2 protein chains.
Amino acid sequence: MTEPTARPTRAQQRRQTEDRILTAARQLFAERGYDRTTIRAVASSAGVDAGLVMHYFGSKDLLFARVTETAPAPDVFQAATGGGAGAEAGELYGGTPDEATEALLTSLGRRLTDEPESSLAVLRSMLTNADAADRYRTAAQPQLDQLTEAIPAPDADLRASLLSAIIHGVIAERYLLRLTNLADASPEQIITLLRPCFESLTTAPADDAADGQG
Amino acid sequence: MTEPTARPTRAQQRRQTEDRILTAARQLFAERGYDRTTIRAVASSAGVDAGLVMHYFGSKDLLFARVTETAPAPDVFQAATGGGAGAEAGELYGGTPDEATEALLTSLGRRLTDEPESSLAVLRSMLTNADAADRYRTAAQPQLDQLTEAIPAPDADLRASLLSAIIHGVIAERYLLRLTNLADASPEQIITLLRPCFESLTTAPADDAADGQG
DNA sequence: CGCATCAGTCAACAGCCGTAGAATGAACGC
DNA sequence: GCGTTCATTCTACGGCTGTTGACTGATGCG
């Protein structure tokens, strides 16, 4: 059936070219941010003409939107499910605060290990591109809500936001700012140091709160 | 003596205009970041011609450098000295870990209260402008070293960097990304929630450090 | 007063940007 | 085979950018 002839159909070739463009765009957006990434540079990096990028994606904004929505991790926290595709993310934080803590730490660990290309594209561009910030905020809200439910405290939403801020701060300072201490440290070191920090945020102030709402 | 005639000397007038330009630049850099801030916009906002900005500052890069080096808080943590100009910053973190924690929290509280204009100019541009990142890293290192000395742990430098990352993450997510939960929260709330977090990083794992930390 | 200095303006240049549209040529359906 | 579709390229336009240099007029100094 499928002959080994290297003659792809037209649709295949288009998709292939689109992918090449998207890959180049993702990398450049991550490296330089939205403003400093030019369509010409993306096209050149993908080995095509700039007009073709326009023809396929319509505009620079739309290209950026495609890059960020295609990004494997637009989420704040993407808990490692261990490969179980059937595991709903909804159950990951639903349990105890301890489970939430470990899920967050695992997510952070993976983000510190993998090359966070597309994640960086979002993170870097969020700070200059209002659309990117909006898109991120919208995408992150359900995840924040979910995390909020796992935290037994009246100010759980603020706690969840702080956890998000900490994670982003660490990633930004390691990859964007490249603070040497953080850039050189191993993910395990970082996780070990942050665990008590996360625990203090996910667990309620059981000491003197006495609000026995749980 | 000094007549109320509004006729300043030439040098005074120049410095006054320079200040106006610097103020406008600081605000615009903070609002839009480096790339989206144009010299023409700065000049227009300061009520002068774009050529004058060039004449005074040489280039956009130099103007940005002046803005960031003039910034009242290029420092990571600027502990509140209570107005004592003679208090050397060197002594602020020199004491116990608890003192360092409180100094960091006070600094964060002030940053969450005041309009962090120039601080944002640095923070926002750091993430897109390589020069700004370098300049920041250089300026922050002594402060990090200082904080490191206050932490009695073998990995004190990493702990200090994490504290810096957390502070920046919170500020960035509140002012740059404007995550609603964080933007609406009061500084006191945030500080209260972060205190145990900071404590866990500034104090050594004296309790259960028995198990070989490798 | 007379000349040098300098704050400040104006017009322009060269370059890069996103984008549009015509042109080309190969792949496709009939 | 023929006309159409479509991937792809080329050229170009208008706008914005940083930057330059000539210009103007008030100010300072001798």
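Order of the sequence lines fixes the chain letters, A, B, ..., with proteins taken first and strands second; residue numbering starts at 1 for each chain. What you are looking at is a predicted structure, and each value in this text was computed from that prediction instead of being measured. Because only heavy atoms are used, hydrogens play no part in the values below, and waters and symmetry mates are left out as well, while side chains stay in.
Within the 3.5 Å criterion, the main-chain N or O of B:Ala185 finds a donor-acceptor partner in the side chain of B:Arg174. The backbone N or O of B:Glu102 sits less than 3.5 Å from a side-chain atom of B:Thr106, completing a donor-acceptor pair.
Residue order along DNA chain D, read from the 5' end via each residue's closest nucleotide, puts A:Ala50 first among B:Lys60 and A:Ala50. Between A:Arg14 and B:Gln13, it is A:Arg14 whose nearest contact on DNA chain D lies nearer the 5' terminus.
A:Tyr34 places a side-chain heavy atom less than 4.5 Å from the side chain of B:Arg36. Residues B:Leu28 and B:Glu31 form a side-chain contact, since some pair of their non-hydrogen atoms from C-beta on lies under 4.5 Å apart.
Between C:dA12, C:dC17, D:dC10, one nucleotide has an atom nearer to the side chain of B:Arg40 than all others, and that is C:dA12. You'll find that the side chain of B:Thr17 is closest to C:dG8, out of C:dG8, C:dT19, D:dT8. When distances run from any side-chain atom of A:Thr38 to the nucleotides C:dG18, D:dT19, C:dC10, the shortest one goes to C:dG18. Of the candidates D:dA7, D:dC10, C:dG8, C:dG8 carries the atom nearest the B:Leu52 side chain, counting heavy atoms from C-beta on.
Note on A:Thr9: a side-chain N or O is less than 4.0 Å away from OP1 or OP2 of C:dC28. Residue A:Tyr56 places none of its side-chain N or O atoms closer than 4.0 Å to OP1 or OP2 of D:dC6.
Separating the CG atom of B:Asp49 from the P atom of D:dT17 is a distance of 14 Å, rounded to the nearest angstrom. Put simply, CZ on A:Arg15 is 15 Å from P on D:dC6, counting in whole angstrom units. Here C:dG18 presents its P atom at 13 Å from CG of A:Asn129, a figure rounded to the nearest Å. Atom P of nucleotide D:dC16 and atom CG of A:Asp35 are separated by 16 Å, given to the nearest angstrom. Atom NE2 of B:His55 and atom P of D:dG21 are 13 Å apart (whole Å). Per the geometry, CZ belonging to B:Phe57 stands 13 Å off P belonging to D:dT19, to the nearest Å. Regarding A:Met54, its CE atom lies at a distance of 8 Å from the C1' atom of C:dA20, rounded to whole Å. Separating the CG atom of A:Leu62 from the P atom of C:dG18 is a distance of 14 Å, rounded to the nearest angstrom.
Among the protein residues, B:Arg10 comes within range of the nucleic acid bases, having at least one heavy atom under 4.0 Å from a base atom.
Summarising the local packing, CZ of A:Arg15 is surrounded by 12 or fewer heavy atoms from other residues, nucleotides or ligands at distances under 6.0 Å.
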